[in-house]
Chemist: 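A single structure is presented below for examination.
This one's a predicted model, so the numbers in the text were calculated from it and none came from an experiment.
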Amino acid sequence: MTINLENTEDSCFTIAVTSGKGGVGKSNIVSNLAIQFGLAGKKVMVLDADLGMANLDVLFGVRPKYTLYHCLEGGKDLLEVITSVNQNVKLIAGGSGIAQLAELPEEARNSFLESLQKIRQYTDILLIDTGAGISSNVTGFLSYADEVLLVSTPEPTSMADCYGIIKTLTRTKQELPNLGVLVNRSNTPMEAYEVSTKLTTLSEKFLNVKVNYKGYILEDESIQKAVRSQRPLLSLFPESKSAICIRKLADSWVNTEHLVKAKSKKGFFQSILSLFSRKK
C-alpha cells in the first residue's frame with residue numbers, strides 16, 4: 001500500500017525518535033522534547049508508536065480514555081483517541097502489553113499513517129516514539145518521518161545497535177529521511193562527541209550515509225526523579241543540566257527554516273474537535 005503524503009496545506013515536520021536497544025531513555029527524550037517545543041509556541045502531536053510497550057502517557061502523567069489500540073482494533077476514529085497534555089501538546093497514546101499492536105500488519109500500519117493526514121494541517125511538529133530495534137513496525141514509522149533521531153548511550157552495545165538501525169535503513173528501497181544521532185546519559189560533552197564521531201564516521205565510510213550529530217544529554221539523577229513523579233523533566237526540574245541539554249536539542253529544530261516558516265495555528269485542539277463534531 002502506498003502512503004499518499006501530498007497535501008499543499010501540510011506544514012507539519014515529523015521527527016521519529018528511535019534506538020537500537022531498549023532502556024536508553026528514548027521515551028523520556030520524546031516527552032521532554034514535546035514539552036519544550038510547546039513552550040516555544042509550536043503545536044505538537046506525539047504518537048506513541050512503541051507498539052505493545054507504550055508508556056508515554058505515564059511519563060506525561062495523563063490517563064487517556066482511548067489509545068492507539070482502540071483506533072486500530074476498536075473502531076475508534078483517530079480524532080477520538082487524542083489526549084491533551086497541555087495547551088500545545090497532544091498525545092496519541094499507545095497500548096501497553098497488547099500483542100496485536102506489536103505484530104501490526106504492514107497494511108494496517110500504512111493505513112494508520114495515511115490517516116494521520118487529517119491532523120497534520122493543525123500540527124507544527126509530529127513526534128513519533130518508535131519501539132526499539134529493527135522490526136518492520138519500527139522501520140515503517142522511521143520511513144514516514146522527515147528526520148530520524150537515533151538515540152545511543154556511550155555503551156558499545158548501544159552504539160552497535162544504533163549502527164545496525166542505520167544499516168537496516170540503507171537497505172530499504174525508500175528514500176532515507178535525514179538522520180541524526182543523540183548521545184544520552186553521557187558523563188561529559190567530550191565523551192558524547194567521541195561516541196557520535198565513531199557512528200558518523202562508520203556510517204559515511206561503510207554505508208555512504210551522512211548522519212548528523214544532534215548533541216548530547218548528560219547523566220542526571222533528576223531524570224529518574226521526574227519519571228518516579230510521572231511528570232516531564234522540563235516541568236519538574238527545568239534548570240537541571242539534562243533539561244538544558246533538551247532545550248538545546250529542541251532549538252536545533254525550532255530555529256531551522258522549515259519550522260520558522262510553519263504557519264501560526266490557533267485553537268489547535270478545539271479545531272480538531274470541531275472537525276470531529278462536523279463528522280457526526
Chemist: Between Thr123 (side chain only) and Ile125 (backbone N and O only), is there a donor and an acceptor less than 3.5 Å apart?
Modeler: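 Answer holds: no.
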
Chemist: Looking only at heavy atoms, what is the nearest atom pair of Val24 and Val151, with distance?
Modeler: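 Looking at all heavy atoms of both residues, the closest pair is CG2-CG1, 3.8 Å.
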
Chemist: Which heavy atom in Val148 sits nearest to a heavy atom in Leu142, and how many Å separate them?
Modeler: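 Shortest heavy-atom contact: CG2-O, 3.7 Å.
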
Chemist: Between Lys26 and Ser19, does any side-chain donor sit less than 3.5 Å from a side-chain acceptor?
Modeler: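 Result is no, nothing qualifies.
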
Chemist: Looking only at heavy atoms, what is the nearest atom pair of Asp57 and Leu91, with distance?
Modeler: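 In this case the closest contact between Asp57 and Leu91 is CA-CD2, 3.9 Å.
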
Chemist: Can you check whether Ile119 reaches Leu79 side chain to side chain, under 4.5 Å on heavy atoms?
Modeler: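 Touching, per the 4.5 Å side-chain cut-off.
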
Chemist: Roughly how far, to the nearest 0.5 Å, is CG of Leu199 from OH of Tyr163?
Modeler: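 One gets 9.5 Å once the value is rounded to the nearest 0.5 Å.
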
Chemist: Salt bridge check: are Glu155 and Lys21 linked by an N-O gap of less than 4.0 Å?
Modeler: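 Salt bridge flag = yes for Lys21 with Glu155.
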
Chemist: I'd like to know whether Ser27 forms a side-chain hydrogen bond (donor to acceptor under 3.5 Å, both in side chains) with Asp129, so could you lay out the CA-CA distance, the side-chain angles of the two residues, the decisive distance to 0.1 Å, and finally the verdict.
Modeler: CA-CA 6 Å; Ser27 295; Asp129 181 15; 2.6 Å; yes

Chemist: Any side-chain heavy-atom pair from Met45 and Ile92 closer than 4.5 angstrom?
Modeler: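 Answer yes - side chains close enough.
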
Chemist: Closest heavy-atom contact between Ile35 and Leu234?
Modeler: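 Taking every non-hydrogen atom into account, CG2-CB, 4.0 Å.
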
Chemist: Between Lys210 and Ser203, is any side-chain donor less than 3.5 angstrom from a side-chain acceptor?
Modeler: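 Note: Lys210 and Ser203 side chains miss the donor-acceptor criterion.
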
Chemist: Is any NZ, NE, NH1 or NH2 atom of the basic residue among Glu221 and Lys225 found under 4.0 Å from an Asp or Glu carboxylate oxygen of the other?
Modeler: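 A salt bridge is present here (some side-chain N lies under 4.0 Å from a carboxylate O).
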
Chemist: Is Asn187 close to Pro154 at the side-chain level, that is, under 4.5 Å between some pair of heavy atoms?
Modeler: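 No - every pair of side-chain heavy atoms lies 4.5 Å or more apart.
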
Chemist: Rounded to the nearest 0.5 Å, how far does OG of Ser242 lie from CZ of Arg185?
Modeler: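 Arg185 CZ to Ser242 OG: 11.0 Å, rounded to 0.5 Å.
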
Chemist: State whether the number of non-hydrogen atoms from other residues, nucleotides or ligands found under 6.0 Å of Tyr213 atom OH is greater than 12.
Modeler: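 Enclosed.
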
Chemist: Between Asn88 and Gly38 (side chain of the first, backbone of the second, donor and acceptor by atom type, cut-off under 3.5 Å), is there such a pair?
Modeler: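 Present.
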
Chemist: So, using ring-ring contact (aromatic ring centres under 6.0 Å, His included) as the criterion, who are the partners of Tyr66 when residues are at least two apart?
Modeler: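 With sequence neighbours excluded, Tyr66 shows a ring-ring contact (aromatic ring centres under 6.0 Å, His included) to His70, given in chain and number order.
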
Chemist: Considering only heavy atoms from C-beta outward, does the side chain of Leu150 approach that of Leu182 to under 4.5 Å?
Modeler: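 No, too far: nothing below the 4.5 Å cut-off.
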
Chemist: Taking the side chain as every heavy atom from C-beta outward, state whether Lys42 and Val254 have any pair of such atoms under 4.5 Å apart.
Modeler: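 A side-chain contact under 4.5 Å exists here.
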
Chemist: For the OG1 atom of Thr130 and the CD1 atom of Ile165, what is their distance to the nearest 0.5 Å?
Modeler: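 Thr130 atom OG1 to Ile165 atom CD1 measures 6.5 Å (nearest 0.5 Å).
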
Chemist: Taking the side chain as everything from C-beta on, heavy atoms only, tell me whether Leu33 gets closer than 4.5 Å to Val46.
Modeler: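 They are not in side-chain contact.
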
Chemist: Pick one: which of Ile15, Ile29, Leu56 meets side-chain contact (heavy atoms from CB on, under 4.5 Å) with Leu127?
Modeler: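 Answer to the side-chain contact (heavy atoms from CB on, under 4.5 Å) test with Leu127 among Ile15, Ile29, Leu56: Ile15.
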
Chemist: Measure the shortest side-chain to side-chain distance between Lys214 and Ser252 over non-hydrogen atoms and say whether it is less than 4.5 angstrom.
Modeler: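 Yes, side chains in contact.
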
Chemist: Give the minimum heavy-atom separation between Ala226 and Pro232, together with the two atoms involved.
Modeler: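 Between these two residues, the closest heavy atoms are CB-C, 4.3 Å.
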
Chemist: Can any side-chain N or O of Ser196 pair as donor or acceptor with the backbone N or O of Tyr193 at less than 3.5 Å?
Modeler: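 Yes, the answer is positive, given that a donor and an acceptor are paired below the 3.5 Å cut-off.
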
Chemist: Minimum heavy-atom separation for Val211 and Thr200, please, with both atom names.
Modeler: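 That closest heavy-atom pairing would be O-CG2, 3.0 Å.
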
Chemist: Just do the side chain to side chain contact (heavy atoms under 4.5 Å, CB included) check on Leu207 and Ile166 with the steps written out, would you?
Modeler: CA-CA 8 Å; Leu207 303 176; Ile166 301 170; 3.7 Å; yes

Chemist: How long is the span from the CD atom in Gln230 to the CZ atom in Phe60, to the nearest 0.5 Å?
Modeler: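 Here the rounded value is 13.0 Å.
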
Chemist: Side chains of Thr14 and Arg120: is there a donor and an acceptor less than 3.5 Å apart?
Modeler: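 Checked: Thr14/Arg120 side chains pair up, N/O donor to acceptor below 3.5 Å.
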
Chemist: Show the numbers, then the answer: is there a side-chain hydrogen bond (donor to acceptor under 3.5 Å, both in side chains) between Ser240 and Ser222?
Modeler: CA-CA 7 Å; Ser240 62; Ser222 298; 4.5 Å; no

Chemist: With the side chain counted from C-beta on, respond yes when Thr18 and Leu149 share a heavy-atom pair under 4.5 Å apart, and no when they do not.
Modeler: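 Contact flag for Thr18/Leu149 side chains = no.
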
Chemist: Linking I/L/V/M/F/W/Y whenever any side-chain heavy atoms sit under 4.5 Å apart, do Ile217 and Ile244 land together?
Modeler: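 Unlinked, Ile217 and Ile244 end up in two clusters.
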
Chemist: Among Asp124, Val44, Asn32, which one satisfies side-chain contact (heavy atoms from CB on, under 4.5 Å) with Phe37?
Modeler: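 Among Asp124, Val44, Asn32, the one meeting side-chain contact (heavy atoms from CB on, under 4.5 Å) with Phe37 is Val44.
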
